[in-house]
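Following: one structure in structure tokens, then a few remarks.
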Amino acid sequence: ILERASPGEIEVGGRDVVTAGHSAFVRGTLEWSITATHRLRLSTAPEAVWRSVDERRATTVSGLSATEGEQRLKTAVNGLEYQADLFDAKLQNVAFGKSYSQASNFTRRLPMDRSESLAKSTQEWGAGDALRYRIVPELWAKASYEYATRLPRVDEVFGDGALTQANLELRPEVSHNLNLGAAGRAESEQLGSLRGELNLFLRDTEDLIRRTGAALYYSFQNVAHARTVGIEGSAHLATKQDRAVLDIAATLLDSRNRSRTGPYASQEGDRIPNRPYAFGSATLTLRWRGVAVPNDVLSTSWTSRYTHELFRNWESLGAREGKA
């Protein structure tokens with residue numbers, strides 16, 4: 001038996017990492033009906049995650065790894081919302097404000113039974129308004145704007161203990177989001193029903209979070225400025241008694257780097273890499289009722305999904321014919 005000089009691992013010397021984690025969350029909503037057409041809602045969504053990372057195979061002279069220790073991430077999103085239903089519920093307006101807070105703490109073990117604690121806290125605010133108007137009972141239009149924040153997830157901040165490395169300096173995404181849409185439905189006793197929806201959207205984002213990496217390891221990094229415009233549509237067609245149902249959906253978006261400073265300034269104008277920009281799906285379901293007994297249903301479904309090809313890295317780097 002030939003014994004290898006080094007283990008068959010990504011790193012020389014191998015790794016044996018044990019990551020143990022716990023998470024807890026609460027979702028609460030308090031609603032006050034001021035009148036039959038005016039409502040006030042208060043919501044809260046705190047969440048706590050704590051993990052421990054134990055490297056059981058020594059990777060340094062001290063026998064400790066760079067990420068070994070205790071990890072804690074506390075997040076809270078709170079919102080206050082005012083809803084008004086006007087003109088016999090033809091017009092609905094929802095105005096809201098939000099607060100976003102997050103605190104991370106990483107206690108790293110050091111040699112000689114010492115430890116080092118790294119802490120970071122974030123506080124952001126957001127607000128928006130959503131408007132929906134029913135033109136006729138079967139057709140309505142909607143528009144919304146939100147100044148929003150997306151707080152980093154625990155795996156984006158601390159990694160996954162394997163191939164995704166930690167980035168304790170990761171900043172939250174802050175964006176201006178604008179949506180315009182229309183939806184409608186049509187029904188016929190003989191033919192069935194049709195529902196459809198079409199939406200246009202714009203996202204102007206500071207500090208967009210994206211996954212980057214080389215051959216072996218990955219990490220999540222911020223892109224200074226990104227802008228996304230897109231359109232998405234969906235349709236639901238059903239025959240009488242839902243004997244045949246067809247659901248289709250498609251999305252086209254153009255998400256580009258608009259950074260003029262920072263490490264990605266030289267790729268200004270490129271699509272954000274490793275993200276689909278044209279994709280869709282279709283599902284057809286056929287149903288037969290009363291096959292064996294009066295109340296049974298036999299059904300079969302066919303589903304297809306499509307994602308257009310995309311570059312894994314910045315499209316302006318390297319020869320096009322040799323890019324992944």
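Positions are given from 1 along the sequence. Because the structure is predicted, anything quoted here is derived from the model rather than measured.
Side-chain contact of His176 with Tyr145: a donor-acceptor pair under 3.5 Å is present, judged by distance alone. Gln83 and Asp85 share a donor-acceptor pair across their side chains, judged by distance under 3.5 Å alone. Residues Asp247 and Thr283 bring no donor and acceptor atom of their side chains to less than 3.5 Å of each other. Under the 3.5 Å distance criterion, with hydrogens and angles disregarded, a donor-acceptor pair is assigned to the side chains of Thr285 and Ser301.
Between Glu187 and Arg195, every side-chain heavy-atom pair lies at or beyond the 4.5 Å cut-off. Counting only heavy atoms from C-beta outward, the side chains of Tyr147 and Val174 approach each other to under 4.5 Å. Counting only heavy atoms from C-beta outward, the side chains of Asn179 and Leu200 never approach each other to under 4.5 Å.
Here the closest heavy-atom approach between residue Asn78 and residue Ala45 is recorded as OD1-N, 4.1 Å. Between Pro276 and Leu253, the shortest heavy-atom contact is O-CD1, 3.9 Å. Here the closest non-hydrogen pair linking Leu198 and Gly233 is CD1-CA, 4.2 Å.
To the nearest 0.5 angstrom, Leu208 atom CG is 10.0 Å from Glu206 atom CD. Of the inter-residue distances, the one linking Leu191 atom CG with Leu237 atom CG reads 11.0 Å to the nearest 0.5 angstrom. Separation of atoms CD1 (Ile209) and CG (Asn222) is listed at 5.5 Å; rounding is to 0.5 Å. Here CH2 of Trp314 is found 6.5 Å from CG of Asp270. Values are rounded to the nearest 0.5 Å.
No cation-pi contact links Arg72 to Trp50, judged by a cut-off of 6.0 Å to the six-membered ring centre and 45° from its axis. Taking the centre and axis of the six-membered ring of Phe158, the NZ or CZ atom of Arg51 falls outside the cone set by 45° and 6.0 Å.
Between the side chain of Lys120 and the main chain of Gln102, no donor-acceptor pair closer than 3.5 Å is present. Between the side chain of Lys323 and the backbone N or O of Leu317 there is at least one donor-acceptor pair closer than 3.5 Å. Of the possible donor and acceptor atoms, one in the side chain of Asp296 sits under 3.5 Å from a partner among the backbone N and O of Gly290.
A salt bridge is defined here as a Lys NZ or Arg NE, NH1 or NH2 lying under 4.0 Å from an Asp or Glu carboxylate O, and Glu156 with Arg150 meets this definition. A salt bridge links Glu315 with Arg256: at least one charged nitrogen is closer than 4.0 Å to a carboxylate oxygen. Using a cutoff of 4.0 Å between basic side-chain nitrogens and carboxylate oxygens, Glu124 and Arg171 are not scored as salt-bridged. The pair Arg41-Glu31 counts as a salt bridge, with a side-chain nitrogen and a carboxylate oxygen less than 4.0 angstrom apart.
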Inset, instruction - With side chain to side chain contact (heavy atoms under 4.5 Å, CB included) as the test, would you mind laying out the steps for Val223 and Gln221 before giving the verdict? - result: CA-CA 7 Å; Val223 177; Gln221 305 291 336; over 6 Å; no
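For NZ of Lys90, the number of neighbouring non-hydrogen atoms (other residues, nucleotides, ligands) closer than 6.0 Å is 12 at most.
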